[in-house]
Structure formats: structure tokens, C-alpha cells
2 protein chains.
Amino acid sequence: MTDTAERRGMRADAARNRRLLLDTAAAAFAEHGMEVSIAQIAARAGIGKGTVFRHFPTKQRLAAAILSDQLDRLAAAGTALLDAADPEAALVEFMTIGVELQIRDRSFCQAATTDVRADPEVRAAGDHLTEVAEALTDRARRHGAVRADVVGYDIVLLLGAAAQAAAPLREAVPDLWRRYLGLIFDGMRPEGARPLPHPTPTDAQRAAAGRSPTGR
Amino acid sequence: MTDTAERRGMRADAARNRRLLLDTAAAAFAEHGMEVSIAQIAARAGIGKGTVFRHFPTKQRLAAAILSDQLDRLAAAGTALLDAADPEAALVEFMTIGVELQIRDRSFCQAATTDVRADPEVRAAGDHLTEVAEALTDRARRHGAVRADVVGYDIVLLLGAAAQAAAPLREAVPDLWRRYLGLIFDGMRPEGARPLPHPTPTDAQRAAAGRSPTGR
DNA sequence: ACCTGAACACCGTTCAAGT
DNA sequence: ACCTGAACACCGTTCAAGT
């Protein structure tokens, strides 16, 4: 979807700059988090500061374009896993990819916390990702690997949970997230499951996710 | 511990300003997150901008003072729960208070992600909190409510996990965190527990938490 | 059409001048 | 000792001038 925008009557240099910018910014955000300045990114890409804002009217929308790309990639990986022989292993693999993605990218958690989540592009990618997660969860549930009251939307939220638990030790213990993903997955299994104290969000509630009250 | 600093030969107006500043900043951070400006906080407290930096040399240290206060409060609540009759209910209650605290305070997650975590005051409060969590977990484990391979430090990290899962829907579904805390607690129980793929962090690894590589 | 850097508003932080 | 606001460096964003 990012590609289509590049193919519309865009001049060759503009298309090149846009791609260069996305790649450079993605690398910078992943390494240093979203606090890297636009000036730094522009310099690293070898283009003018103003050019960044010509392609993305705001820093948040640049971050949104990158985040939605990553969500799309995760959704694609999940879709491929729908054909896997073992439904439980497929769901575990999907979550593994998702958590690893967040751990490797310093900006992922930050972007998910802010208004970037409200961006239409991110929203669409998130909706699609949720559908894929739903399909994977359905298969795993029918296979007896997942409790009856857990749905795909829960899975997507729990990706952030496992990543967050391990985040403070990201540098010292890069694989720690596997511990908490394992523990959370044990909680998702039917064995020993107790009724959950709160239902999963309705569609209407999901639609309200990420909108800040003040709009600041 | 914040109080002791106020009692040392501090002038009356300074002590008053310091307290006013902490309260005002805590409220502002909780409501709007750490992106509220120092100027706004100073204005709301009715003191000069420069005075803020006289009390706290940096915005991060102001945030650290507030965060460590909250960690102390949670540790105190946990200590009180060590006398509770039901060890499982006590641990659940401890985690409930901890997650609720994070959901109510917009700056909590943000501060935990950044260098604020490396602040000595925050570190000390976190160490104490971990000890309390350890004691609560030991009791619950002996009572058969918690699996053998989960320790107090895991509990502290999992507080952030449950909060993070529910964070995007904070406004729309304020109690959603109860769902994910319930699911995580199910994962902590002995029933259906599978070996975790990664050990809990060692003391040395814990000590490295939150230090950024670049020091930026 | 697109690129660019100077210009603007805002924010964290410093500091000289006040009491 | 402590308070204060003007001054500084930096950052996101805008825009007039270039090709």
C-alpha cells in the first residue's frame, strides 16, 4: 500500500527520496526510538529537512507509515502460517514473530502508546492483523490449544504485553521475552483456565482505541 | 524518603514549593503523560519556571521522584498484604493495585520505558518493591497458587505487561486490564504449566535494566 | 513537481539579577 | 538561600525562493 502511492504519477526523484526516507527513518526509529530528530534522519538520508515534510506532513505520519508497514508484514507472516500443519505451533510462531518485532524496534511500543495508533493507515493495518490473528486463534482453539474465551483481538494486545514485560532488559537479556510469552501462552491454554473477570472489547470499543481525550 | 530531603535545612518557602511542585507535576503527568511542558506545570503551581529546575535539575529527575514515590506506595501496600489470611488473594490484590496504578497514570509506562528507570531513586524503590513481591510470591507458591518457576521479579515485570495490553483501550474500557491480569495469573498457576523457555534474569542482569546503550 | 534551507514557535535548561 | 524571567540551544513545522 505504500508502494501504490509511489507509483502514482510521482517523479522519479520523489519516489526515490520517499523510499530512501522510509528506510532510513525505519532504521533510525528502530535503533534509537522515536526521539531521533527529523534533521538527523534527513541528514542520514542525504536530503533536505523540508523534503521530509513534503512527503509526510508530520513526524507522526512518518512513524505511522513505518508502523503500518510492519503490521502488514506481521499479518503476511500470519497468513502464511494458516497453512501450517500444527495449529498450536502456528499461533506460537505468529506471536513469536510479533513480539520479536517489537523488541527489536525501539519505536514500536512508543508509537503504539501515542496518537500514531489513531492514524487511518495504522488502523487499517491493525484491523487486518486482527483478522489474521482471529483465524489463527480459531484454528488453535478447535485444536484444543487455546481456551474458549480468548479471541484474536486478545492475541494482538498480548503481543504488546509480552514485549513490555521484557523491554527494560532488552539490552542485557535480548531473549527474555520468550519467558513471558511462554507464561502468557500457558495462561491462554484450556488447562486450569478460570473465568476471566472482564469480556473482550466489543467492535465499538475497539474502534475507539488510541483516541486521546484532549486530542493534544 | 522524599520527606527527609524536605526536612534538611530547607527554607519554609522552598519546602512548600517543592511539595506543591511534586503534587502538581504528579497530577499533570498522570493526566496528560510526560509530554506536558515544565512551563505548564510551573504555571499551574504558580511558581517560576526556573524554580522547577532549582528543585529538580532535569525533567527526568522530577519524573523519577514522582515514580519512585508511587513505587514506594505500592511496596507499602504489598507489605501490608503479607499479613493477609489468603496468600493467593494477597498476591492478586498486590498485582491489582500495581496494574491499576499504571493504568491511571499516563506517565507511568512512559517513564518506565525511558532513562527514568536508571535513576538511583527509582532503582532503589524498584529493588525494595521486588523484595516485597518476592515475599508475597513465596507465600503464594507455598500455598500452591503459583508455579515453582515464577519469582517476585517476574511479578513486577508482569505488572507492566497487563497494563500495556489494556493501555490502548484505557479510555473506552477502563477495566479491561482485569481481563489480561486474570489471563496472566492463570499462566502463573501450577496447573498446566509447561517449562518456560528462558530463565528469570540474574541479579547482575537485573542491575543492567534500563541503561541505554548510547546514554543519549 | 519537487527540493531546499532560512525563519518561526515551542520546549528544556542555564544564569544573571533580584529578595 | 531561594526565586524569577530573560536568554540559549534544539526541535517540529512552514514557506518563499530556487530547479
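Residue numbering restarts at 1 for every chain, and letters A, B, ... go by the order of the sequence lines.
At whole-Å resolution of the value, CZ in B:Phe53 and P in D:dG5 are 14 Å apart. Atom pair A:Ile38:CD1 and D:dT14:C1' shows a separation of 14 Å (rounding to whole Å applied). The distance from atom CG of A:Leu21 to atom P of D:dG12 is 13 Å, rounded to the nearest whole Å. Here D:dC11 presents its P atom at 11 Å from CD1 of A:Ile41, a figure rounded to the nearest Å. Note: CZ (B:Arg16) to C1' (D:dC2) measures 12 Å, nearest angstrom.
For C:dT4, the base has no donor-acceptor partner in the side chain of A:Lys49 [N/O atoms by modelled type, under 3.5 angstrom].
A cation-pi arrangement is present between B:Arg206 and B:Tyr153, with the terminal nitrogen or guanidinium carbon under 6.0 Å from the aromatic centre and inside a 45° cone about the axis.
Considering every non-hydrogen atom in both A:Gln110 and A:Met34, the closest pair reads OE1-N, 2.6 Å. Nearest heavy atom pair, residue A:Arg179 against residue B:Val150, reads NH2-CA, 4.1 Å.
For B:Thr58, a side-chain nitrogen or oxygen approaches OP1 or OP2 of C:dT13 to under 4.0 Å. At the phosphate of C:dC3, OP1 or OP2 sits under 4.0 Å from a side-chain N or O atom of A:Asn17.
Using Watson-Crick or G-U wobble geometry with both donor-acceptor distances under 3.5 Å, C:dA16 finds its partner in D:dT4. Base pairing analysis places D:dC11 opposite nothing; no Watson-Crick or G-U wobble pair with both distances below 3.5 Å involves it.
For A:His55, the listed nucleotide lying nearest its side chain is C:dC3; candidates were C:dG12, D:dC3, C:dC3. In this structure, the nucleotide among D:dC2, C:dA1, D:dT13 sitting nearest to the side chain of A:Arg54 is C:dA1. The side chain of A:Arg11 approaches C:dA1 more closely than any other nucleotide in the set D:dC11, C:dA1, D:dA1. Candidate nucleotides C:dG12, C:dC2, D:dA1 were compared by shortest atom distance to the side chain of B:Lys59, and C:dG12 ranks first.
For B:Asp119 and B:Gln60, the side-chain atoms include no donor-acceptor pair closer than 3.5 Å.
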